[in-house]
Amino acid sequence: MTQPNVRVRFAPSPTGPLHVGGLRSALFNWLFARHHGGTFILRIEDTDRKRYDPEALSDLLENLRWLGLDWDEGPEVDGDYGPYFQSERLDLYQKYARDLVESGHAYYCFCSPERLARLRQEQQQRKESILGYDRHCRGLDPAEAADRVAAGEAHVVRLKMPLDGQTTFHDLIRGDITVDNSTQDDLILLKSDGYPTYHLANVVDDHLMRITHILRADEWISTAPRHVQLYRALGWEMPAIAHLPVVLDPSGKGKMSKRKKLGPGGREFPVHVRDFRAAGYLPEAMFNFLALVGWSYDDHTELMTREEIIERFSIERITPAPAAFNYDKLDHMNGVYIRGLAADDLADRLMPFLERAGFATDRETVKRIVPLIQERMKRLDEAPGLVDFFFVEELPDYDPALLIPKKLDASGAHVLLGQARGVLAEVSPFTQETLETALRGLAEAMGVKTGQLFTPVRVAVCGRRVAPPLFGTLEVLGRERVLKRIDLALEKLKAIER
RNA sequence: GCCCCCAUCGUCUAGAGGACCAGGACAUCACCCUUUCAAGGUGGAGACAGGGGUUCGAAUCCCCUUGGGGGCACCA
């Protein structure tokens, strides 16, 4: 059953590069909207002037588009409920803040940040069970307070929370959640610089933008009761709400770090979406994987197309439990998607990675190499390390001992490699098929195992033992370079013979 | 410290009282395939945090304990 009038939003704060956790929230909102044929809105919550990062917006838009999350209303597309930047809606928030003060639901507070800091410190020292604002200004005479405001005294606007009783709200994922009002303090709605806090801006905009469902991160649960009271104070109906489970770091301990990459075991884990891109994760793999962080379809289906996920997505199947971000599984899934790519497509996607590695490459060559490495990659950034020897004229120095296969010595390897050189000089055409036939024939003729013959050849042309399949490699390399490298290898072997 | 949320293999999860001596996936181990490495195939090990209830019957419902997470800003 779909509800086409569904309106959801992703409302990030442009304070830094987009984080995977944020992307997951965006994805779930987008999926919910697309599933219902509703509207997905992008709203920029740029109300924190201190943490504002001018580069964050382009990073955000670029990375949402990378994953294929298009928005129906928001930056660069506009819509009927704009503006979509909160910094352009200041008069609105100020108006509602004023209304709330006038209706007695909010009050002016003149406490200085210093006083609040001291208060907090004292509360902590005294190990008070309830921390938070002590409502010092709540009892001020409204007329007097208004005069002080008119006189230009610095102030904020705070919401009057009920002093007793309870607040309950219904979370679509967790059911009813109830808290005692005595544990809640009077949150700030309007800061002294005239900007709204998240709480006010969020509620005002969700209402004005006709948001029907709020899907936001877990960490907002604790403020939800105060949001409920804010809606009540404004006389508005609150949208349906669901709190998505947080994304934990790979160890499963602690929320995924926002700023630094963490690396248990020495490994560096990307957390910013742009870093996932740079590591060579495919957007389609990322999309599929991220959909499964906190949501599942059934007991066995994991690989799904974008369309299938849209079709199957539902809030009912979101788990309430926090989920660790499993990089191993992402890698695996990315490998599956890489293997599923058409060779041309993969070649195109590989180009930037090879260019960045400094290889003088061309698309045609890359297309020929792709079949050799396609099933050997989990991430695109592994490609350069796999194919470096294709893009140099001369191999970097390597240990001659690598040329010697099992059960042979240097002179034995020398003989085999010499014979192989003879064959490789003659084979025509110089293709994978003919090369394989010829070299296998040689191994048989010489009475050695194929591995014993192929190992020295592989090392001679690649400079290492672990490499892509030999015959295809030889073909792409071409006869000239192959023979040159073998000659060099023969010299190396000669030098260690005795 | 206080409030809130959560709790099935190492990790992600299926499970909405009997179909479960708990299924799938990643990782891991063994074997097969094989020119190395992969990929692929087969098989193995591996979990209902603990304790009380409710019930003829509990992974599934309730309570307590424990553990984990989140929050307690003029940040979102």
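Fair warning: this is a prediction, and the values are worked out from it, not measured in the lab. Throughout, a chain's letter reflects where its sequence line sits, starting with A, and its residues are numbered from 1.
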* Applying ring-ring contact (aromatic ring centres under 6.0 Å, His included), run through Phe289(A) and Tyr327(A) and close with a yes or a no. => CA-CA 10 Å; Phe289(A) 178 79; Tyr327(A) 284 85; 8.1 Å; no

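Legend: residues meeting salt bridge (Lys or Arg N to Asp or Glu O under 4.0 Å) with Arg126(A), ordered by chain and number and at least two apart, are Glu122(A), Glu128(A). Remark: Asp180(A) engages no residue in a salt bridge (Lys or Arg N to Asp or Glu O under 4.0 Å) (not counting sequence neighbours). In this structure Leu395(A) satisfies the side chain to side chain contact (heavy atoms under 4.5 Å, CB included) test together with Phe389(A), Val392(A), Tyr398(A), Arg485(A), sequence neighbours excluded. Every residue meeting the ring-ring contact (aromatic ring centres under 6.0 Å, His included) condition with Phe313(A), not counting sequence neighbours, appears here in chain and number order: Phe28(A), Trp295(A). Partners of Asp205(A) according to the side chain to side chain donor-acceptor pair (under 3.5 Å) rule, which considers only residues two or more places apart in sequence or in another chain, are Gln86(A), Arg89(A), Tyr93(A).
Taking the side chain of Asn326(A) as heavy atoms from C-beta on, and the options rC74(B), rC26(B), rA76(B), the nearest nucleotide is rC26(B). Proximity note for Leu131(A) (side chain, C-beta onward) versus rC74(B), rA76(B), rG1(B): the nearest is rG1(B). Nearest to the side-chain atoms of Lys191(A) among the listed nucleotides rU13(B), rA76(B), rG24(B) stands rA76(B). For Arg120(A), taking side-chain heavy atoms from C-beta onward, the closest of the listed nucleotides rA7(B), rC74(B), rU13(B) is rC74(B). For Val466(A), the listed nucleotide lying nearest its side chain is rC37(B); candidates were rG24(B), rA76(B), rC37(B). Of the candidates rA7(B), rC74(B), rG69(B), rG69(B) carries the atom nearest the Val246(A) side chain, counting heavy atoms from C-beta on. The side chain of Arg158(A) sits closest to rC74(B) out of rA76(B), rC74(B), rC26(B).
Side-chain polar atoms of Thr167(A) and Gln229(A) form a donor-acceptor pair below 3.5 angstrom.
Closest non-hydrogen pair, Pro384(A) versus Phe353(A), comes out as CG-O, 3.7 Å.
The shortest side-chain heavy-atom distance between Pro196(A) and Tyr96(A) does not fall under the 4.5 Å cut-off.
Ion pairing between a basic and an acidic side chain is recognised when a charged N comes within 4.0 Å of a carboxylate O; Arg216(A) and Glu45(A) show no such pairing.
Contacts with RNA chain B (heavy atom under 4.0 Å) in residues 375-384 of chain A: Glu375(A), Arg376(A), Lys378(A), listed by number.
If you find the closest nucleotide of RNA chain B to Asp328(A) and to Gly451(A), the one lying nearer the 5' end belongs to Asp328(A).
Ring geometry for His19(A) versus His272(A): interplanar angle over 60°, hence perpendicular rather than tilted (30 to 60°). Aromatic ring orientation, Phe169(A) versus His243(A): perpendicular (interplanar angle above 60°, classes split at 30° and 60°).
If you take CG of Leu200(A) and P of rA73(B), they are 18 Å apart, rounded to a whole angstrom. Look at CG on Leu372(A): it is 14 Å from C1' on rA39(B), rounded to the nearest Å. Protein atom CZ of Arg135(A) is 13 Å distant from nucleotide atom C1' of rC72(B), rounded to whole Å. With rounding to whole Å, Trp295(A) atom CH2 is found 12 Å from rU13(B) atom C1'.
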Scan the side chains in residues 328-335 of chain A for donor-acceptor partners under 3.5 Å anywhere in the protein, sequence neighbours excluded, and list what turns up.
from, atom 1, to, atom 2, distance (Å)
Lys329(A), NZ, Glu302(A), OE1, 3.4
Lys329(A), NZ, Glu302(A), OE2, 3.1
Asp331(A), OD1, Tyr281(A), OH, 2.6
Asp331(A), OD2, Arg267(A), NH2, 3.2
Asn334(A), OD1, Leu282(A), N, 2.8
Asn334(A), ND2, Gly280(A), O, 3.1
Asn334(A), ND2, Lys378(A), O, 2.6

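Here the straight-line distance linking atom CG of Leu354(A) with atom CG of Asp381(A) works out to 11.0 Å at 0.5 Å rounding. Within the model, atoms CD1 of Ile373(A) and CG of Leu386(A) stand 5.5 Å from one another, a figure rounded to the nearest 0.5 Å.
Residue pairs that meet the side-chain hydrogen bond (donor to acceptor under 3.5 Å, both in side chains) test with at least one member in residues 151-164 of chain A, sequence neighbours left out, are Arg148(A)-Glu153(A).
Separation of the P atoms belonging to rC6(B) and rC62(B) is 11 Å when rounded to the nearest angstrom.
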Using the 3.5 Å cut-off, write out each protein N or O paired with an N or O of nucleotides 20-23 of chain B and the distance between them.
from, atom 1, to, atom 2, distance (Å)
rG23(B), N2, Asp299(A), O, 3.1

Identify all pairs in which a protein N or O lies below 3.5 Å from an N or O of nucleotides 3-5 of chain B, and state each distance.
from, atom 1, to, atom 2, distance (Å)
rC5(B), O2', Arg174(A), NH1, 2.7

Table of protein N/O atoms under 3.5 Å from nucleotides 31-34 of chain B N/O atoms:
none

Protein-nucleic acid N or O pairs under 3.5 Å, nucleotides 40-47 of chain B:
from, atom 1, to, atom 2, distance (Å)
rG40(B), OP1, Arg339(A), NH1, 3.2

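The nucleotide rU42(B) finds its pairing partner in rA30(B), both defining distances of the Watson-Crick or G-U wobble pair being shorter than 3.5 Å.
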